[in-house]
Number of protein chains: 2
Amino acid sequence: MTSTDASPPPPNPPLRPTRQRRAVVEAMASFADFRSAQEIHELLGQRGEAVGLATVYRTLQRLAEAGEVDVLRTEDGEAIYRRCSDTHHHHLVCRACGATVEVEGPAVERWTRSIAGEHGYADVSHTLEIFGTCAACR
Amino acid sequence: MTSTDASPPPPNPPLRPTRQRRAVVEAMASFADFRSAQEIHELLGQRGEAVGLATVYRTLQRLAEAGEVDVLRTEDGEAIYRRCSDTHHHHLVCRACGATVEVEGPAVERWTRSIAGEHGYADVSHTLEIFGTCAACR
DNA sequence: CCACGAGTTGACAATCGTTCTCAATTGATC
DNA sequence: GATCAATTGAGAACGATTGTCAACTCGTGG
Ligand SMILES: [Zn+2]
Ligand SMILES: [Zn+2]
Ligand SMILES: [Zn+2]
Ligand SMILES: [Zn+2]
């Protein structure tokens, strides 16, 4: 090619390390259960690291896209977040206190893929969450 | 017991077969993918069986509680409904057209229960949905 | 056939989580 | 320090869902 070699490299705008961004990440590291954006926003306020609510929402979205945090939906549709390991896993959540355990299951991964394949579905992905009452809450 | 045998049976108010209720149930039988309350409300209007939006929401909730329909949450938190068989099952949904297949997996049921047990969780329940692109959409 | 009471309905207001707007700030670079 | 795009935050705007409440409707009994 001569001059029309304009390559279309994904112009992902570079993220910048701001006080707010740092504060949210640190806050996410301070608890192990799933929390709503509003709760996290409040927690930041208490910590003296006030961050605008809109920014909390934006940052949480970024982190979720980046796979830094996992997102779940409460029964009434509210999004709740939790910092998580970067490998694929699922959650075992206590209905009473929210205590969460990350769990893995190769068999399940295999099963979903095969059942989808049998029905002619491709590009398979899935969501799986387990709920129960933990020992401490009984 | 003599007189203090006042049993506390949940006084579930008896449901009444109204035109609206029937209309919603029939509408739910007319499609096989997941739809939002608003879409169902609109569908009813087109069918000449107009039903108030609030009533559609209320009816859908009742049906969901009764296990007559399954509820899912879109990625942005909107509730979507689908009439389903009454036995426990999961869904294989096409991301493009919404085509849905009900699937069962005894192995998965067993796995979730045992993994929860291993971690000391009781009263186990779970949610599992599989997404992919169906043959027709490829 | 009519009165009666609890269940229902629907138009509309009110919630509430989340996103949008946009002027002011800030971080990186030269 | 000048420059410019990325970022922020206060508040408005949105959109799905729920609450309100007077009018309505289905049994039931008289
Ligand atoms: Zn996780
Ligand atoms: Zn998985
Ligand atoms: Zn189903
Ligand atoms: Zn199951």
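So that the names make sense, note that chain A is the first sequence line, chain B the second, and so on, each numbered from 1. Hydrogens, waters and symmetry mates play no part in the numbers below; they use all other heavy atoms, side chains included.
Grouping the Ile, Leu, Val, Met, Phe, Trp and Tyr side chains by contacts below 4.5 angstrom, directly or via other members, places B:Leu60 with B:Phe31.
Between B:Gln20 atom CD and C:dG7 atom P there is a gap of 17 Å when expressed in whole angstrom units. Between B:Phe34 atom CZ and D:dA16 atom P the separation is 19 Å, expressed in whole Å. Per the geometry, NE2 belonging to B:His41 stands 12 Å off C1' belonging to C:dT9, to the nearest Å.
Put simply, B:Arg21 has a side-chain N or O that comes within less than 4.0 Å of OP1 or OP2 on C:dT9.
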Got a list of side-chain donor-acceptor pairs under 3.5 Å for residues 130-138 of chain A, not counting sequence neighbours?
{"residue": "A:Thr133", "atom": "OG1", "partner": "B:Asp123", "partner atom": "OD2", "Å": "3.4"}
{"residue": "A:Arg138", "atom": "NH2", "partner": "B:Gly120", "partner atom": "O", "Å": "2.8"}

With a cut-off of 3.5 Å and sequence neighbours excluded, list every side-chain donor-acceptor pair involving residues 83-91 of chain A.
{"residue": "A:Ser85", "atom": "OG", "partner": "A:Glu102", "partner atom": "OE1", "Å": "2.6"}
{"residue": "A:His88", "atom": "NE2", "partner": "A:His90", "partner atom": "NE2", "Å": "3.1"}
{"residue": "A:His88", "atom": "NE2", "partner": "A:Glu109", "partner atom": "OE1", "Å": "3.0"}
{"residue": "A:His88", "atom": "NE2", "partner": "A:Glu109", "partner atom": "OE2", "Å": "3.1"}
{"residue": "A:His88", "atom": "NE2", "partner": "A:His126", "partner atom": "NE2", "Å": "3.2"}
{"residue": "A:His89", "atom": "ND1", "partner": "A:Thr87", "partner atom": "O", "Å": "2.6"}
{"residue": "A:His89", "atom": "NE2", "partner": "A:Asp70", "partner atom": "OD2", "Å": "2.9"}
{"residue": "A:His89", "atom": "NE2", "partner": "A:His91", "partner atom": "NE2", "Å": "3.2"}
{"residue": "A:His90", "atom": "ND1", "partner": "A:Leu128", "partner atom": "O", "Å": "3.1"}
{"residue": "A:His90", "atom": "NE2", "partner": "A:Glu109", "partner atom": "OE2", "Å": "3.0"}
{"residue": "A:His90", "atom": "NE2", "partner": "A:His126", "partner atom": "NE2", "Å": "3.2"}
{"residue": "A:His91", "atom": "ND1", "partner": "A:Glu129", "partner atom": "OE1", "Å": "3.0"}
{"residue": "A:His91", "atom": "NE2", "partner": "A:Asp70", "partner atom": "OD2", "Å": "3.1"}

Donor-acceptor contacts, no H, no angles, side chain residues 44-56 of chain A, under 3.5 Å, sequence neighbours left out:
{"residue": "A:Arg47", "atom": "NH2", "partner": "A:Ser30", "partner atom": "OG", "Å": "3.4"}
{"residue": "A:Thr55", "atom": "OG1", "partner": "A:Arg58", "partner atom": "NH2", "Å": "3.2"}

Per-nt protein contacts along nucleotides 11-18 of chain C (heavy atom under 4.0 Å; B base, S backbone sugar-phosphate only, - none) come out as B-----SB
Base, backbone or nothing for each nucleotide of nucleotides 22-30 of chain D, written B, S, -, heavy atoms under 4.0 angstrom, 5' to 3'? ---BB----
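Using modelled atom types, one side-chain atom of B:Arg73 and one backbone atom of A:Glu75 make a donor-acceptor pair closer than 3.5 Å.
Within the 4.5 Å cutoff, the side chain of B:Thr74 has no heavy atoms near those of the B:Phe34 side chain. With a 4.5 Å cut-off on side-chain heavy atoms, B:Arg21 and B:Val25 do not count as touching.
Qualifying salt bridge (charged side-chain N to carboxylate O under 4.0 Å, His left out) partners for A:Asp33, counting only residues two or more places apart in sequence or in other chains: A:Arg35.
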